[in-house]
Number of protein chains: 2
Amino acid sequence: MARALGVSATTVSRALKDHYSIGKSTIRKVKKKAAEMGYEPNAIASSLRKKKTNAIGVIVSHINRPFISSLISGIEAVCSRYGYNVIITQSLDSYKKEREDVKTMFNSRVDGLIVSLAAETDRYEHFDPFIKNNYPLVFADRVSFEIDTDKVLVDNFDAAYMATNHLIGQGYRRIGHLAGVQQRHMYQKRLEGYLTALRDHRMPVDENVIHYSKLSYEDGINGAETLLNRDLRPDAIFASNDTSAIGFMQYAEECGYSIPDEIGVVGFNNDPVSSIIRPQLTTIDHPAVEIGKKAAEIVLDKVSGKSQTQIPQTISFKTKLLIRNSSVKGSPRGGSNAS
Amino acid sequence: MARALGVSATTVSRALKDHYSIGKSTIRKVKKKAAEMGYEPNAIASSLRKKKTNAIGVIVSHINRPFISSLISGIEAVCSRYGYNVIITQSLDSYKKEREDVKTMFNSRVDGLIVSLAAETDRYEHFDPFIKNNYPLVFADRVSFEIDTDKVLVDNFDAAYMATNHLIGQGYRRIGHLAGVQQRHMYQKRLEGYLTALRDHRMPVDENVIHYSKLSYEDGINGAETLLNRDLRPDAIFASNDTSAIGFMQYAEECGYSIPDEIGVVGFNNDPVSSIIRPQLTTIDHPAVEIGKKAAEIVLDKVSGKSQTQIPQTISFKTKLLIRNSSVKGSPRGGSNAS
DNA sequence: AGATATTACACAATCGATTGTGTGAAAATT
DNA sequence: AATTTTCACACAATCGATTGTGTAATATCT
């Protein structure tokens, strides 16, 4: 292309990169010409030759969810800093779509792939192309331990334990749980942490105060409707996400229960809404952006060959319990913008 | 590659696409072999040759915002259906970053570009590579009329007019406004719609009840603090987004004002939080996903050559006013899950 | 049977940047 | 002055799929 300015393509290519074998005057000349004719190198051709696309693939369930979009934001921030593009698809929690997405990503020859698994997924052969070719593959947040890859997640067990422990410490005696799909490891761990905390305090475990669902706002309402009508209703609830916790809380209030005095509520994720809702929701701070950043760093380290270890690592972030008004008896209903 | 099975690359390439000039038996043979050796075509090479990447670029300000992530979700849904990848970058509302992003997108040779402008942006030369090469370029939501491209947005004037009109109809007599950065066309139009509604009802316009900001939650609080301490405080507010509306509302409540009886509040966007907060927030339903879908459709139509017209079109979505409790005097504070 | 049409595939160029190797010319060395 | 070293650049192959053209082999027709 730019060889219409007298020199060979070789020279142009090398001049633009300050190659040692090109004369200084030529470099200046080429750069000037390139600038004035608005020349931009074709990344496609470069990718083909270098077998490197400078693109990282990301597969998530739904882009428009607070947690997921923060995750992506973190990934993009890191990738962009290192000159990598981010290609995104959403599996919509469908195993089939996820399969296709993985294939698409592979065909696009992304340099690495970050995945937050679809809810449906319970087999993992579709990741074989990446595994077998030793392409960087990192699972973020929604991971599976049935496949041997790098994983970045939070310590769900610990977080759930903290949350439940907190409710116990606040004097609640019959703590229920809104549990998620047990297919996903994260929700299993949250249930386990909850159960273990109860047992450690020699409190009875009652399956009747555990409600399984997909944790939507409506599921929270349904959960409240179900659990609060039991003979022995719970006097507190630990929900596996904020959305369902708020559904639960609002239904309980409509039934005339006072939060937190009669029923304590703890959520999970620290969605923006949790600090805006009144009473403010006690929840687990989930470092979504950090997880995204870390996942991206791992992938990029592998891509650049910086990372030595071939054995997959699992990075587990510690979470923080954010104690707010929904779980502390005697709290004011509104105000006190302490987040 | 797959020519290690007896035939030429030509034949393989054509067999996989059921080219007419390839024998049926050969096609079957090639496909079988390809399947069993897990052959996947290299999209990069294909892109280079066909000058088509099957990728659409998306530049937004911040990925992790309810509105933006929904926009992206819509874009991805359409692109994915037509076999296109979505490459995303976030400008972080920086003009400089947006510039770089556009260049990156161009170098990646995306087949089309969808942009929601950075708040800072007030020049548009960086889009020249797309304009001059006649690559599809569509602005979504945060558009500018200083550059001649396709645009997809909502009728901000009409929405603001409706919102203000509604407040007037509810008997509020001194309606304030939380206005956004006037750099952006959308916030100008919302201000105009607000002003026009007032004038049409022969109500006085008072700059003292208009508060300009970036519309964060804190900006909403500041706005309330400022406006409610004026000699003639507003008895209602129309905010240019939900986030600031909620900040305003909560601060007002903390000051002891009753919403909606003493002060009416209307937001903009229909963020998820708006129907969860109590009192539920009257707001404008902003079809973010639809805007994303439409923008993607326009781009893809141009890419595939379906679209005849060369003259840029502006698609303006009508919005709906969602009347909830924050603006209807005598409404109950909580409950009534009518969204 | 000979001529024409059809079928089935291979050849070779191409997309645009990259990179190892080759080669003149200028500079440095003995 | 002859030789070695350094410098500055061009040649040509390559990445892998695509595509217009060429050409055998088979089928169809008169």
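In the text below, chain A, chain B and the rest are named by the order of the sequence lines, each starting its count at 1. A quick note: this is a predicted structure, and the numbers were derived from the prediction, not measured.
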- Message: Please pick, from C:dT18, C:dC9, D:dT19, the nucleotide with the shortest atom-to-atom distance to any side-chain atom of A:Lys50.
- Response: C:dT18
- Does the distance from a Lys or Arg side-chain N to an Asp or Glu carboxylate O, for B:Lys302 and B:Asp150, drop under 4.0 Å? yes
- In whole Å, what is the span from the OH atom of B:Tyr20 to the C1' atom of D:dT18? 14 Å
- Query: Cut-off 3.5 Å, side chains only: do B:Ser94 and B:Glu120 have a donor facing an acceptor?
  - Reply: no
- Message: Looking at C:dT14, I'd like to know if its phosphate oxygens (OP1 or OP2) sit under 4.0 Å from a side-chain N or O belonging to B:Lys51.
- Response: no
- Query: Can any side-chain N or O of A:Asp93 pair as donor or acceptor with the backbone N or O of A:Ala119 at less than 3.5 Å?
  - Reply: yes
- Task: Verify the contact: side-chain N or O of B:Lys17 to OP1 or OP2 of D:dA17, cut-off strictly under 4.0 Å; return yes or no.
- Result: no
Can I get a per-line list of side-chain donor-acceptor pairs under 3.5 Å for residues 71-81 of chain A, giving both atom names and the distance, sequence neighbours left out?
residue : atom : partner : partner atom : Å
A:Ser73 : OG   : B:Gln90 : OE1          : 3.4
A:Ser73 : OG   : B:Gln90 : NE2          : 3.0
A:Glu76 : OE1  : B:Gln90 : NE2          : 3.3
A:Glu76 : OE2  : B:Gln90 : N            : 3.4
A:Ser80 : OG   : B:Lys97 : NZ           : 3.4

- Between B:His126 and B:Asp101, do the side chains contain an N or O donor and an N or O acceptor separated by less than 3.5 Å? no
- Query: How would you list all residue pairs meeting salt bridge (Lys or Arg N to Asp or Glu O under 4.0 Å) that involve residues 44-62 of chain B, not counting sequence neighbours?
  - Reply: B:Lys52-B:Asp111
- Message: Quick check on DNA chain D: between B:Ile44 and B:Arg14, whose nearest nucleotide comes earlier from the 5' end?
- Response: B:Ile44
- Item | Below 4.0 Å: OP1/OP2 of C:dT18 and any side-chain N or O of A:Ser46 | yes
- Query: Which part of the nucleic acid does B:Thr10 contact within heavy-atom distance under 4.0 Å: base, sugar-phosphate only, or nothing?
  - Reply: base
- Look at all strands and tell whether A:Lys52 reaches a base, only sugar-phosphate, or nothing, counting heavy atoms closer than 4.0 Å. nothing
- Query: What integer distance in Å separates B:His19:NE2 from C:dA8:P?
  - Reply: 12 Å
- Query: How close or far is atom C1' of C:dT18 from atom CG of A:Asn54, stated in whole angstroms?
  - Reply: 14 Å
- Query: Does any N or O donor sit under 3.5 Å from an N or O acceptor when you compare the side chain of A:Arg49 with the base of C:dG20?
  - Reply: no
- Is B:Lys24 salt-bridged to B:Asp18, cutoff N-O under 4.0 Å? no
- Residues from residues 24-32 of chain B sitting under 4.0 Å of DNA chain D, heavy atoms only? none
- Presence of B:Tyr39 side-chain N/O under 4.0 Å of D:dG16 phosphate oxygens OP1/OP2: no
